[in-house]
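Keep in mind that the numbers below use all heavy atoms, side chains included, and drop hydrogens, waters and symmetry copies. First listed ligand is number 1; within each ligand, the first listed atom is number 1.
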Amino acid sequence: MRYHEFQGLSVSALGFGMMRLPRLEDGRINRPAAREMVKAAFTGGVNYFDTAYKYHDGESEDFCGEVLAEYPRDSYFLADKLPTWLCETRQKAEDIFSEQLRKCRTDYFDFYLLHSVDEEHWTNIEKLDLVSFIKEKKDAGLARHIGFSAHCQPALLEEIFSRYGDILEFVQIQLNYLDWDYIDAKELYAVARKYNKPLIIMEPLRGGMLAELPSEEAYNILTAATKASGGASVSKASYGLRFVDQLPGVFCTLSGMSTLSQIEENIAAFSGAPLTEAELAAIPQAVSKLRSDIMIPCTACDYCYECPSKIKIPQIFKLYNNMAAKNFIPGWDSLSEMYAELGPNAHDCIGCGNCESHCPQKIDIIARLQAVDQKFAEVIAAHE
Ligand code: SF4
Ligand code: SF4
């Protein structure tokens, strides 16, 4: 296991995100199976465990408290997060914090974060001055290091660090090689580096998609680079994890693991050789192949705007691509609501072909709209 330094602490490069633990049929955590995973994590050198108030509907913290009590308190770092959107008052934040300590069976958190800071939640965070709330916890020795998980635009991250950079010690952002050039990952990372803030990374495998890498050609590009570097073959996940790990400033990469084999695979990724230059150079090519294989190559040019049925074609394709990048696993937002908000869809298409005749990307829009509609129906049926 590789370790990175954070303020004199030696933190395992791999952190165990406790939000996708194995479940029983009734939805509760399968504690014997999850306990084995934690044991394997300790054996493999993992010393960072990350939970949150909302993970597993509140059961994650309770499980962490139960299982981690079996290990010496100074043998691991425990991270927890304040659900800022549930804090109507500071008293509510106090109540939640006390509940978290109790559930986690600890006197302190090693890392404590404002959870899910975005433009919407930031208003409430500012109103209640929750930054000073977690600072008070740090001053009281109840939270040894404080930061936040960011789901915001780079502009807000910049504002937060410019105003609270002397208090907030680190930031957790979503970053992976698929998103690096396509959403704000690179910009968010650059802002953190500008303020010299250490980073924890979440979703390094894009919700598991990069562990599956649903494009054989993309995988072949990566394995060819590994071979050219003289390396032995590695897992698909290894590329995603090692890509994140080689970024300066990143001191822990979280993976929300669900099986023992994922733990073993991920520990191997952080125990073997770091990403080589040849592998790093191959990643953009693999991303390009991955995108062309699984996504709709719409550039949102809007040349197809004169649809008589008023179908918002680029917006529908964008939603599809976002879902594809998440391996069609919806997050907290409802896919059915997002799809409905876009208005007319494939069902309203009259097949006039006007859109296809204007599309510079030569996308078979009519068929694609139908395929998107069918895929969304399957995802909604499975998850909502
Ligand atoms: S073929 Fe369908 S999507 Fe394309 S312009 Fe005509 S109605 Fe709109
Ligand atoms: S014309 Fe083609 S590329 Fe442009 S927005 Fe429409 S579907 Fe996308």
Next on the checklist: If we set the cut-off at 4.0 Å for heavy atoms, which region of Leu369 has an atom near ligand 1: side chain, backbone, both, or neither?
Outcome noted: side chain

Among all protein heavy atoms, pick the one closest to [atom] and tell me residue, atom and distance.
atom: atom 8 (Fe) of ligand 1; result: Cys307 SG, 2.4 Å
atom: atom 6 (Fe) of ligand 1; result: Cys352 SG, 2.3 Å
atom: atom 4 (Fe) of ligand 1; result: Cys355 SG, 2.3 Å
atom: atom 1 (S) of ligand 1; result: Gly353 N, 3.2 Å

Next on the checklist: Assess the residue pair Tyr164 and Lys135 against the criterion (side chain to side chain donor-acceptor pair (under 3.5 Å)); give the C-alpha distance rounded to whole Å, side-chain angles, the decisive distance to 0.1 Å, and a yes or no.
Outcome noted: CA-CA 11 Å; Tyr164 299 103; Lys135 172 76 164 53; over 6 Å; no

Checklist entry - Just heavy atoms, cut-off under 4.0 Å: does Asp302 contact ligand 2 by side chain, backbone, both, or neither? => result backbone

Next on the checklist: Does Thr253 form a side chain to side chain donor-acceptor pair (under 3.5 Å) with Arg2? I'd like the steps, not just the answer.
Outcome noted: CA-CA 11 Å; Thr253 299; Arg2 280 192 285 285; over 6 Å; no

I need the atoms of ligand 1 closer than 4.0 Å to a non-hydrogen atom of [X], numbered in the order shown.
X: Ser309; result: 7 (S)
X: Gly351; result: 1 (S), 2 (Fe)
X: Cys349; result: 1 (S), 2 (Fe), 3 (S), 7 (S)
X: Pro308; result: 5 (S)
X: Ile366; result: 1 (S)

Checklist entry - For the rings on Phe42 and Tyr71, is their centre-to-centre separation under 6.0 Å? => result yes

Item to check | 2.8 Å cut-off met by an N, O or S atom of Cys304 to atom 2 (Fe) of ligand 2 | outcome: no

Checklist entry - Does the Asn124 side chain pair with the main chain of Trp85, one donor and one acceptor, at a distance under 3.5 Å? => result no

Checklist entry - Does ligand 1 have an atom under 4.0 Å from some heavy atom of Asp348? => result no

Item to check | ligand 1 contact by Ile350, heavy-atom criterion under 4.0 angstrom | outcome: yes

Item to check | Over 12 non-hydrogen atoms of neighbours within 6.0 angstrom of CD in Gln246 | outcome: yes

Checklist entry - Considering only heavy atoms of Ile365, which atoms of ligand 2 have at least one such atom less than 4.0 Å away? => result 7 (S)

Next on the checklist: Closer than 4.0 angstrom, basic N to acidic O: yes or no for Arg31 and Asp62?
Outcome noted: yes

Checklist entry - Can we say Glu203 and Arg20 salt-bridge, meaning some charged N sits less than 4.0 Å from an Asp/Glu carboxylate O? => result yes

Next on the checklist: Just so I know, are the side chains of Leu114 and His121 near enough to count as touching, which here means a heavy-atom distance under 4.5 Å?
Outcome noted: no

Item to check | For atom 2 (Fe) of ligand 2, the option (of Ser357, Pro314, Cys359) bearing the nearest heavy atom | outcome: Cys359

Checklist outcome for this item: The single option from Tyr53, Phe97, Phe77 that satisfies ring pair (Phe, Tyr, Trp, His ring centres under 6.0 Å) with Phe109 is Phe97

Checklist outcome for this item: Of Phe111, Phe6, Tyr3, Tyr76, the one forming a side chain to side chain contact (heavy atoms under 4.5 Å, CB included) with Tyr48 is Phe111

